[in-house]
Trainee: 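This is the structure, below, for whatever I ask next.
When reading the values below, keep in mind they use all heavy atoms of this one structure, side chains included, and skip hydrogens, waters and symmetry mates.
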Amino acid sequence: MFFKILTVAALATFEIYAAIPAGFAFGLSPYIIFLASVTGGLAGVFAAAFLGDKIRAFLHKKKPAKSETERHPVIVKIWNKYGIVGLGFLGTMLVGAPISIAVGVGLRANFKKLVTWCCIGVVTRCILFTIIGYYGVQLF
């Protein structure tokens, strides 16, 4: 049982879409699936946050930095429209926290606010998908 929970948490570190169905496939309780996926998801946020700044510093060590509008004009338009909440919360809900953190680091977002909104997005995502998974399994 411990390895099943650990597997769900490890999958949630990278992708919650895979972790929650795996928990139901293992026959775990929805509460355990929720706790393991939140734990793994939050670990993924902090791992991406810690490593993201180091990777950006390494990549930009040798190249001169371009302006933000030269690099990604579409991302900058979205960033200007939705800000940190859009990137942290909605980005986490749609594509996952590690990608949202990476984009935020690239746009030089306020790091503490970005991590906070990504954590809120991870918890919300785990609640929604665990509930959907639970009632989906009840249909069969």
Trainee: Between atom CG of L87 and atom CH2 of W79, what is the distance when rounded to the nearest 0.5 Å?
Mentor: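 Between atom CG of L87 and atom CH2 of W79 there are 5.5 Å.
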Trainee: Shortest non-hydrogen contact from C118 to I101?
Mentor: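 That closest heavy-atom pairing would be SG-CD1, 3.9 Å.
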Trainee: For the residue pair V95 and S100, what are the closest heavy atoms and their distance?
Mentor: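 Reported closest heavy-atom pair: CG2-OG, 4.2 Å.
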Trainee: Using the rule that two of Ile, Leu, Val, Met, Phe, Trp, Tyr join whenever any of their side-chain heavy atoms come within less than 4.5 Å, decide whether I131 and V137 are in one cluster.
Mentor: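 Cluster IDs for I131 and V137 match.
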Trainee: Please identify each residue that fulfils side-chain contact (heavy atoms from CB on, under 4.5 Å) with L128, with sequence neighbours left out.
Mentor: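 With sequence neighbours excluded, L128 shows a side-chain contact (heavy atoms from CB on, under 4.5 Å) to M93, T124, given in chain and number order.
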Trainee: According to a 4.5 Å side-chain heavy-atom criterion applied to Ile, Leu, Val, Met, Phe, Trp and Tyr, with indirect links allowed, do F129 and Y135 form part of one hydrophobic cluster?
Mentor: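 Yes, same cluster.
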Trainee: I would like to know whether F89 and I84 meet side-chain contact (heavy atoms from CB on, under 4.5 Å); could you show each step before the answer?
Mentor: CA-CA 8 Å; F89 184 75; I84 282 201; over 6 Å; no
Trainee: I16 and C126: which non-hydrogen atoms are nearest, and at how many Å?
Mentor: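 Taking every non-hydrogen atom into account, CD1-SG, 3.6 Å.
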Trainee: Is there a chain of hydrophobic side chains (I, L, V, M, F, W, Y, each step under 4.5 Å between heavy atoms) that links V115 to F14?
Mentor: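 No, separate clusters.
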Trainee: Would you tabulate the side-chain donor-acceptor contacts of residues 18-46 under 3.5 Å, counting partners in other chains and residues two or more places apart, or write 'none'?
Mentor:
residue: S29; atom: OG; partner: Y31; partner atom: N; Å: 3.3
residue: S37; atom: OG; partner: I33; partner atom: O; Å: 2.9
residue: S37; atom: OG; partner: F34; partner atom: O; Å: 3.1
residue: T39; atom: OG1; partner: L35; partner atom: O; Å: 2.7

Trainee: Closest heavy-atom contact between Y17 and L94?
Mentor: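 Heavy-atom minimum between the residues: OH-O, 3.5 Å.
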